[in-house]
J.: 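The following block contains the structure, expressed as structure tokens.
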Protein chains: 2
Amino acid sequence: MDKTDRRLLALLQQDCSLSLQELADAVNLTTTPCWKRLKRLEEAGIIQGRVALLDPEKLGLGLTAFVLIKTQQHSSQWYSQFVAAVDAMPEVLGFWRMAGEYDYLMRVQVADMKRYDDFYKRLVNSVPGLSDVTSSFAMEQIKYTTALPLEN
Amino acid sequence: MDKTDRRLLALLQQDCSLSLQELADAVNLTTTPCWKRLKRLEEAGIIQGRVALLDPEKLGLGLTAFVLIKTQQHSSQWYSQFVAAVDAMPEVLGFWRMAGEYDYLMRVQVADMKRYDDFYKRLVNSVPGLSDVTSSFAMEQIKYTTALPLEN
DNA sequence: AGTGAAAGAATCACTTA
DNA sequence: TAAGTGATTCTTTCACT
């Protein structure tokens with residue numbers, strides 16, 4: 001993983017519709033060595049995939065909620081059940097186990113409050129022991145990017 | 001935006017390296033009408049772009065932090081200054097203005113605690129009036145997806 | 001929405017430094 | 001071990017139906 005690889009990654013995480021020729025030009029290579037680098041980065045799992053980013057507003061999914069969860073349940077069995085349940089909920093775009101006061105944090109994207117309420121009920125009923133669940137709602141998304149800070 | 005468009009979007013937000021032929025097959029079209037739909041969805045801004053998703057761990061960016069911010073400053077001038085400052089910080093992957101107790105929530109990705117501390121100092125010095133800033137750290141990322149819940 | 005042709009891009013065997 | 005050339009194949013794009 002040299003500087004050229006990093007520059008390729010920085011470019012691709014901004015726009016993966018760049019052609020091999022454009023990428024190669026940007027890093028002063030010809031297409032073949034550039035292509036080999038991309039294959040290597042894919043096989044190494046550094047490039048996890050290529051996705052289209054969609055506009056949530058235009059798709060009627062304008063409500064972003066963050067859910068903070070505390071629980072008394074900490075068995076590994078309960079945990080796998082919880083993770084499986086949350087995994088199966090497509091409204092959950094992000095899910096983290098946290099250090100500190102709350103045990104879990106979730107980012108949820110839905111159409112409106114009615115849909116959020118619906119999601120919330122499904123969530124608290126999906127596993128036992130979700131007693132302390134607090135929801136916070138976003139008024140505005142100021143910044144959102146999938147691009148990691150690779151500094152180029 | 002009919003059902004076919006939605007199915008195309010659902011596919012592309014999972015994997016935009018699918019060829020036009022594969023996409024067309026999946027929605028029972030030939031390449032040309034399928035291509036025209038994609039162009040329409042791009043021009044409408046529903047497809048915002050195509051990006052490569054990278055593995056943060058493998059790039060040495062394993063620390064995810066959430067930053068909650070309260071402020072007394074609410075002038076539009078202060079706000080644009082704050083937004084511009086945060087925008088310029090590549091460690092910030094998500095930034096929301098919130099309803100409720102805290103005014104802002106941020107998702108930050110960095111290498112380690114040392115780098116986080118560095119970021120934190122830059123943040124609180126970027127604009128005046130960031131008195132109440134609390135950081136929470138993720139122990140584990142359980143789920144992360146850019147795919148919106150389009151239900152297909 | 002489809003056909004078919006032309007242009008463009010990706011892929012790979014082989015070569016070179 | 002990394003880069004380049006050139007041929008082949010696959011993909012995208014578009015005028016026309």
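Each chain gets a letter, A, B and so on, in the order the sequences are listed, and its residues count up from 1. In this text, all values refer to a predicted model and were calculated from it rather than measured experimentally.
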J.: Using five base pairs at each end, measure the axis-to-axis angle across the helix from C:dA1-D:dT17 to C:dA17-D:dT1 and round it to 10 degrees.
T.: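 Result, rounded to 10 degrees: 30°.
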
J.: Along nucleotides 4-17 of chain D, 5' to 3', which nucleotides get a B, which get an S, and which get a -, given that the test is a protein heavy-atom distance under 4.0 Å?
T.: BBB-----SBB---

J.: Filter on salt bridge (Lys or Arg N to Asp or Glu O under 4.0 Å), then keep only pairs touching residues 91-103 of chain B, sequence neighbours left out; what's left?
T.: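 Every salt bridge (Lys or Arg N to Asp or Glu O under 4.0 Å) pair that includes a residue of residues 91-103 of chain B, provided the two are not neighbours, is A:Glu140-B:Arg97, B:Lys70-B:Glu101, B:Glu91-B:Arg122.
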
J.: What is the separation between atom CZ on A:Arg50 and atom C1' on C:dA10, rounded to the nearest whole Å?
T.: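 Value for this atom pair: 11 Å.
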
J.: Could you list all the salt bridge (Lys or Arg N to Asp or Glu O under 4.0 Å) pairs where at least one residue sits in residues 20-35 of chain B, not counting sequence neighbours?
T.: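 As it turns out, there is no salt bridge (Lys or Arg N to Asp or Glu O under 4.0 Å) pair with a partner in residues 20-35 of chain B once direct neighbours are skipped.
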
J.: Are any of the side-chain heavy atoms of B:Thr146 and A:Leu93 separated by less than 4.5 Å?
T.: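 A side-chain contact is absent here, since even the closest heavy-atom pair is not under 4.5 Å.
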
J.: With sequence neighbours left out, which residue pairs that include part of residues 80-89 of chain A fulfil the salt bridge (Lys or Arg N to Asp or Glu O under 4.0 Å) condition?
T.: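 Residue pairs with at least one partner in residues 80-89 of chain A: there are none.
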
J.: Give every donor-acceptor pair under 3.5 Å between a side-chain atom in residues 41-51 of chain A and any protein atom, sequence neighbours left out.
T.:
{"unit_1": "A:Glu42", "atom_1": "OE1", "unit_2": "A:Lys39", "atom_2": "NZ", "d": "3.2"}
{"unit_1": "A:Glu42", "atom_1": "OE2", "unit_2": "A:Arg50", "atom_2": "NH2", "d": "2.6"}

J.: With a 4.0 Å cutoff (strictly under), does any side-chain N or O of B:Arg37 reach OP1 or OP2 of C:dA1?
T.: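 Indeed, a polar side-chain atom of B:Arg37 lies that close.
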
J.: Taking transitive links into account, so neighbours of neighbours count too, which hydrophobic residues share a cluster with A:Met139 at under 4.5 Å side-chain distance?
T.: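 For A:Met139, no cluster forms, as it stays isolated from other hydrophobic side chains.
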
J.: Taking only distance into account, with no hydrogens and no angle test, what donor-acceptor pairs under 3.5 Å do side-chain atoms of residues 126-135 of chain A form with protein atoms, sequence neighbours excluded?
T.:
{"unit_1": "A:Ser126", "atom_1": "OG", "unit_2": "A:Leu123", "atom_2": "O", "d": "2.6"}
{"unit_1": "A:Ser135", "atom_1": "OG", "unit_2": "A:Tyr116", "atom_2": "OH", "d": "2.6"}

J.: Could you state the atom-to-atom distance from CD of A:Glu42 to P of C:dA10 in whole Å?
T.: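 Value for this atom pair: 12 Å.
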
J.: Which pairs pass salt bridge (Lys or Arg N to Asp or Glu O under 4.0 Å) with one or both residues in residues 56-67 of chain A, sequence neighbours excluded?
T.: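 Qualifying pairs, neighbours excluded: A:Asp55-A:Lys58.
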
